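Taking it in order: structure first as structure tokens, then the write-up.
Every value quoted in this text rests on a predicted model; they were computed, and no experiment measured them.
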Amino acid sequence: MLHLTANALRSLSKSVSSEVALFCSIFFNYCKFFLSTADFIHPCNNTEPACLIKATQDAIPQFCKGLPHLGVPPLDPFVIDELPIQLPGIKVTFYEGKATGLRKCQVLNVEAYLEKNVFILEVRCNITIKGKYTAVGRLLLFPINGEGDSKIKIVNSIIKLNINTKYFKDAEGRDHFGIKNYKYTFDYGERIVYTINNLFKGNPELSNTVLQFLNENWRIVTEEFGQPVVDFALNVTVSTAKKFFDAVPYDELLNVPIPKY
Ligand SMILES: *[C@@H]1O[C@H](CO)[C@@H](O)[C@H](O)[C@H]1NC(C)=O
Ligand SMILES: *[C@@H]1O[C@H](CO)[C@@H](O)[C@H](O)[C@H]1NC(C)=O
Ligand SMILES: *[C@@H]1O[C@H](CO)[C@@H](O)[C@H](O)[C@H]1NC(C)=O
């Protein structure tokens, strides 16, 4: 929209007076700035964690909302069309789902070692995942044959990402951050609340009893089937970050000379 408006104004400006032309060119440049650099990025002039933490915190809400003009899809809400989770003994399929909460993650730490190509990010997040599910098999002691609605509420989980970065030049010769690979740890946090109906088709009493058991033992339960879900979530997050780094050059993110590479 803004892009179209700017282009329209610019072509208009050619045929009207010079004042209008000046105004339009300022407006166009403003739009161009807004569309490329984006005003939610406040580049740090050094790699002190205090500045990186603040800059990352400032960028998260807009980054999570998505930047369609840069080809960066939204992470909050994040749509999960279908996520099959095959575990020993049970097959769970989660579908028509939505995860929310990432935009409110609290940044606890950011460290960037530009020469060593290491970037560390630690965040605390409340995440809610809602959607439909089917589950067939055994979960802990229970034979499960369920289908229905589910909601998983994760409170104060802590995610630590350790990313190996690289640098590369785009077609115009501008430097960019790249992501080579990453490792993570995920601490499920204070509490996970499961709200899952119909774990046993047609038996609400047994369904409720098992649900209660799952909630009382949320940590063991989550350790059993959480891993593939978290792998998936971080994979999506990191590939979204890759798209962002592909679109936004290094010098728009950080005001520190790039190491030789
Ligand atoms: C970096 O330095 C520029 C120029 O001195 C300043 O305007 C900007 O606010 C600084 N950035 C941060 C995040 O402190
Ligand atoms: C998560 O929710 C809890 C309880 O509602 C709240 O105390 C906490 O501050 C929230 N954490 C974040 C990172 O928003
Ligand atoms: C992450 O996504 C990529 C591309 O979609 C895929 O090839 C890879 O196997 C995924 N890794 C994990 C851990 O899910």
Side-chain angles (χ1 to χ4, degrees), residues 34-44 47 49 51-81 83 98-127 129 154 157-172 174-187 227-256 258-259 261:
F34 180 76
L35 285 169
S36 61
T37 328
D39 58 0
F40 64 94
I41 299 169
H42 308 140
C44 288
T47 53
C51 184
L52 296 175
I53 289 171
K54 179 160 193 319
T56 307
Q57 188 73 66
D58 290 348
I60 279 182
Q62 193 64 42
F63 173 72
C64 287
K65 220 189 249 183
L67 306 158
H69 56 284
L70 296 180
V72 180
L75 284 176
D76 184 2
F78 175 71
V79 175
I80 305 166
D81 292 326
L83 175 60
K98 211 184 241 185
T100 54
L102 278 181
R103 79 177 71 185
K104 292 191 180 150
C105 287
Q106 186 188 351
V107 179
L108 301 178
N109 191 28
V110 182
E111 291 170 41
Y113 302 97
L114 300 178
E115 301 275 350
K116 289 189 200 152
N117 291 296
V118 171
F119 183 84
I120 292 167
L121 173 66
E122 185 176 345
V123 291
R124 174 162 52 209
C125 308
N126 289 336
I127 302 166
I129 307 168
I154 307 169
S157 58
I158 297 195
I159 304 156
K160 276 190 212 177
L161 260 176
N162 190 319
I163 299 172
N164 280 317
T165 59
K166 59 184 178 185
Y167 304 106
F168 68 93
K169 280 191 199 302
D170 64 21
E172 291 163 22
R174 295 187 74 178
D175 295 312
H176 287 256
F177 269 120
I179 295 176
K180 215 152 88 186
N181 51 46
Y182 66 96
K183 286 187 301 209
Y184 75 85
T185 60
F186 188 96
D187 181 323
Q227 188 76 32
V229 178
V230 177
D231 283 349
F232 172 80
L234 281 164
N235 202 355
V236 171
T237 305
V238 171
S239 54
T240 305
K242 262 186 194 158
K243 288 180 188 149
F244 178 74
F245 291 139
D246 285 351
V248 183
Y250 175 92
D251 59 13
E252 292 181 18
L253 296 171
L254 198 56
N255 240 330
V256 177
I258 194 166
Y261 69 97

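Side-chain contact check for F186 versus L161: every heavy-atom pair is 4.5 Å or farther apart. Using a 4.5 Å cut-off on side-chain heavy atoms (C-beta onward), P73 and T240 make contact. Counting only heavy atoms from C-beta outward, the side chains of Y167 and I258 approach each other to under 4.5 Å. Looking at F40 and P61, their side chains never come closer than 4.5 Å, going by heavy atoms from C-beta outward. Taking 4.5 Å as the limit, every side-chain heavy atom of N126 sits out of range of all side-chain heavy atoms of K104. Proximity of D231 to Y184: side-chain heavy atoms (C-beta onward) are separated by under 4.5 Å at one or more points.
Between atom NZ of residue K166 and atom NZ of residue K180 there is a gap of 8.0 Å, rounded to the nearest 0.5 Å. Between atom CD of residue E122 and atom CD1 of residue I158 there is a gap of 6.0 Å, rounded to the nearest 0.5 Å. Atoms CG and OG1, from N162 and T185 in turn, are 9.0 Å apart once rounded to the nearest 0.5 Å. The distance from the CG atom of L70 to the NZ atom of K243 is 12.5 Å, given to the nearest 0.5 Å. Here the straight-line distance linking atom NZ of K242 with atom CD1 of I163 works out to 10.0 Å at 0.5 Å rounding. Taking CD1 of I129 as the start and CZ of F78 as the end, the distance is 10.0 Å to the nearest 0.5 Å.
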Evaluate the criterion side-chain contact (heavy atoms from CB on, under 4.5 Å) for residue pair C125 and I159; output intermediate values, then yes/no.
-> CA-CA 8 Å; C125 308; I159 304 156; 4.1 Å; yes
Decide yes or no on side-chain contact (heavy atoms from CB on, under 4.5 Å) for T237 and F232, but give the supporting numbers first.
-> CA-CA 9 Å; T237 305; F232 172 80; over 6 Å; no
Evaluation steps, side-chain contact (heavy atoms from CB on, under 4.5 Å), between T56 and L121 = CA-CA 9 Å; T56 307; L121 173 66; 4.1 Å; yes
For residues 109-119, dump all side-chain donor-acceptor pairs below 3.5 Å to protein atoms at least two apart in sequence or in another chain.
residue: N109; atom: ND2; partner: E111; partner atom: OE2; Å: 2.7
residue: E111; atom: OE1; partner: Y113; partner atom: OH; Å: 2.4

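Between the side chain of S239 and the main chain of V236, a donor-acceptor pair closer than 3.5 Å is present.
For the residue pair I60 and L102, the shortest heavy atom distance occurs at CG2-O, 3.7 Å. Minimum interatomic distance between V123 and V107 (heavy atoms only, all atoms of both residues): CG1-CA, 4.0 Å. Across every non-hydrogen atom of H42 and A55, the tightest pair is O-CB, 3.5 Å.
Residue pairs that meet the salt bridge (charged side-chain N to carboxylate O under 4.0 Å, His left out) test with at least one member in residues 53-76, sequence neighbours left out, are K54-D58, D76-R103.
By the side-chain contact (heavy atoms from CB on, under 4.5 Å) test, A241 is found to be paired with F63, I179, F245, residues two or more places apart in sequence or in another chain being considered. Partners of D251 under the salt bridge (Lys or Arg N to Asp or Glu O under 4.0 Å) rule, at least two apart in sequence or in another chain, are R174. The side-chain contact (heavy atoms from CB on, under 4.5 Å) check on C51 picks up C44, N46, with sequence neighbours excluded. Applying the salt bridge (Lys or Arg N to Asp or Glu O under 4.0 Å) rule to D175 yields the partners K169; only residues at least two apart in sequence or on another chain are considered.
Close placement of the H176 and F168 rings is indicated, their centers lying within 6.0 Å of each other.
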